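One structure is given here, and the rest of the page talks about it.
Each chain gets a letter, A, B and so on, in the order its sequence line appears, and its residues count up from 1. Since the structure is predicted, the reported quantities are computational estimates derived from the model, not experimental observations. Just so you know, these numbers use all the heavy atoms, side chains as well, and skip hydrogens, waters and symmetry mates.
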Amino acid sequence: MSTLKFVSWNINSVRIRLHLIEQLVMAEDPDIICLQETKVRDSQFPHEAFEGMGYKYRILNGQPMHHGVAIVSRVPLTEDRRHDWQDNGEARHIGVRLPSGLLLENVYIPAGGDVPDREENPKFGQKLDFYERMTKWSETLDTPTIMMGDFNIAPLESDVWSHKQLLKVVSHTPIEVDTMKRLQDAHGWVDVGRLMIPAPERLYTWWSYRAKDWTKGDRGRRLDHVWVSPELRSKIRAHRVLEPARSWEKPSDHIPLITEMEV
DNA sequence: ATGGTTGTGGAACAA
């Protein structure tokens with residue numbers, strides 16, 4: 001029986017923030033890192049930097065300009081599955097199999113634009129549709145799975161700095177929370193964040209760049225999540241978020257989520 | 001206060 005340390009991090013450009021990844025690896029020494037918003041085409045991925053840090057196994061799903069996900073690992077990864085749950089060609093998912101047979105899914109769910117209305121803002125509908133397709137996929141899952149990434153929804157009142165002020169803000173609207181709940185129920189997904197840090201304790205993973213001082217007012221949201229299949233609940237050994245990373249040099253607007261699990 | 005910042009790639013878009 002061995003324990004692996006996983007990190008999930010929306011890095012907002014893997015190339016410009018390699019120094020942050022090096023800092024994370026020095027501090028935490030994770031076995032596997034799931035990155036979202038790598039913002040790089042596969043041919044330009046900084047392989048050498050990861051090779052130098054001991055991440056010999058790298059599975060990429062990138063595109064020019066936007067989006068993009070990657071899994072880098074010190075343990076072998078097999079398979080290389082990509083789901084286009086938005087049905088528009090954007091690079092937002094990659095799935096692999098770990099040596100124990102466990103599946104690992106890295107997902108970057110669309111933010112959904114600014115207006116929480118399907119008619120007025122097609123991006124919002126695309127976000128809900130992405131969730132619906134994930135729900136159908138979840139219903140068919142028959143292998144223990146750990147799924148992590150930027151889900152772009154903060155479901156609980158204690159997942160946002162002000163439940164009342166965010167009720168009509170994309171990421172915390174009731175229709176999004178309902179849609180996320182249907183995905184969770186479709187497989188019995190365990191929310192590892194709230195398993196280990198129960199509500200109503202404050203728990204955020206993202207703070208906007210659009211504030212001079214992110215700590216002022218602490219206007220955070222829990223947009224990033226780690227979910228596991230029901231049978232993996234008892235295998236979770238530790239989970240936390242690395243809040244100081246939001247103050248590192250040229251930070252991402254998201255912080256890393258760190259999970260230790262027996263595999 | 002209906003703004004504000006960041007990255008890609010070299011204008012507009014996504015977040």
Charged N to carboxylate O under 4.0 angstrom, [X] versus [Y]?
X        : Y        : answer
A:Lys127 : A:Glu176 : yes
A:Arg17  : A:Glu37  : no
A:Glu105 : A:Arg81  : yes
A:Arg194 : A:Asp159 : yes

Problem set entry | DNA chain B contacts among residues 208-220 of chain A, heavy-atom distance under 4.0 Å |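 The answer is A:Tyr209, A:Arg210.
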Exercise. Counting side-chain heavy atoms from C-beta on, which of B:dA15, B:dG7, B:dT8 comes nearest to A:Arg15?
Worked result: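 Closest of the options to the side chain of A:Arg15: B:dT8.
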Exercise. B:dG7, B:dG9, B:dA15: which one has an atom nearest the side-chain heavy atoms of A:Met65?
Worked result: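 My answer, after comparing the listed nucleotides, is B:dG9.
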Please give, in whole Å, the distance from [N] [atom2] to [X] [atom1]?
X        : N      : atom1 : atom2 : value
A:Phe45  : B:dT8  : CZ    : P     : 14 Å
A:Leu20  : B:dT6  : CG    : C1'   : 13 Å
A:Glu90  : B:dA15 : CD    : P     : 6 Å
A:Lys168 : B:dT2  : NZ    : P     : 18 Å
A:Leu18  : B:dG7  : CG    : C1'   : 14 Å
A:Asn12  : B:dA14 : CG    : P     : 15 Å
A:His254 : B:dG7  : NE2   : C1'   : 13 Å
A:Asp253 : B:dT8  : CG    : P     : 13 Å

Exercise. For A:Ser8, which residues count as a side-chain hydrogen bond (donor to acceptor under 3.5 Å, both in side chains) partner, sequence neighbours excluded?
Worked result: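 Once residues adjacent in sequence are excluded, the partners of A:Ser8 under the side-chain hydrogen bond (donor to acceptor under 3.5 Å, both in side chains) criterion are A:Gln36.
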For this session: Give every residue pair that meets the side-chain hydrogen bond (donor to acceptor under 3.5 Å, both in side chains) criterion with at least one member in residues 109-121 of chain A, sequence neighbours excluded.
Result: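 For residues 109-121 of chain A, and leaving out neighbouring residues, the side-chain hydrogen bond (donor to acceptor under 3.5 Å, both in side chains) pairs sorted by first residue read A:Arg118-A:Asp129.
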For this session: Using heavy atoms to find the nearest nucleotide of DNA chain B for A:Ile109 and A:Pro251 separately, return the residue whose nucleotide is more 5′.
Result: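 Result: A:Pro251.
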Exercise. Toward the 5' end of DNA chain B, which comes first, A:His67 or A:Arg41, by nearest nucleotide?
Worked result: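 Its nearest nucleotide being more 5', the pick is A:Arg41.
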Exercise. Should we say atom CZ of A:Arg233 is surrounded by more than 12 heavy atoms from elsewhere, each under 6.0 Å from it?
Worked result: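 Counting other residues, nucleotides and ligands, CZ of A:Arg233 stays at 12 neighbours or fewer.
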Nearest-Å distance once atom [atom1] is located in both [N] and [M]:
N      : M     : atom1 : answer
B:dG7  : B:dG3 : P     : 23 Å
B:dC13 : B:dG9 : C1'   : 11 Å
B:dA15 : B:dG4 : C1'   : 13 Å

For this session: Taking all heavy atoms of A:Lys168 and all of A:Thr173, pick out the closest pair and write down the distance.
Result: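 Between these two residues, the closest heavy atoms are C-CG2, 4.0 Å.
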Exercise. A:Arg221 near the nucleic acid: base, sugar-phosphate alone, or nothing, with a heavy-atom cut-off under 4.0 Å?
Worked result: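 No contact.
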Problem set entry | Short side-chain N/O contact to B:dG7 OP1/OP2 from A:Lys250, under 4.0 Å |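 Yes, such a contact exists.
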Exercise. Counting only side-chain N and O atoms of A:Arg92, is one of them less than 4.0 Å from OP1 or OP2 of B:dA15?
Worked result: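 For B:dA15, OP1/OP2 do have a side-chain N/O of A:Arg92 under 4.0 Å.
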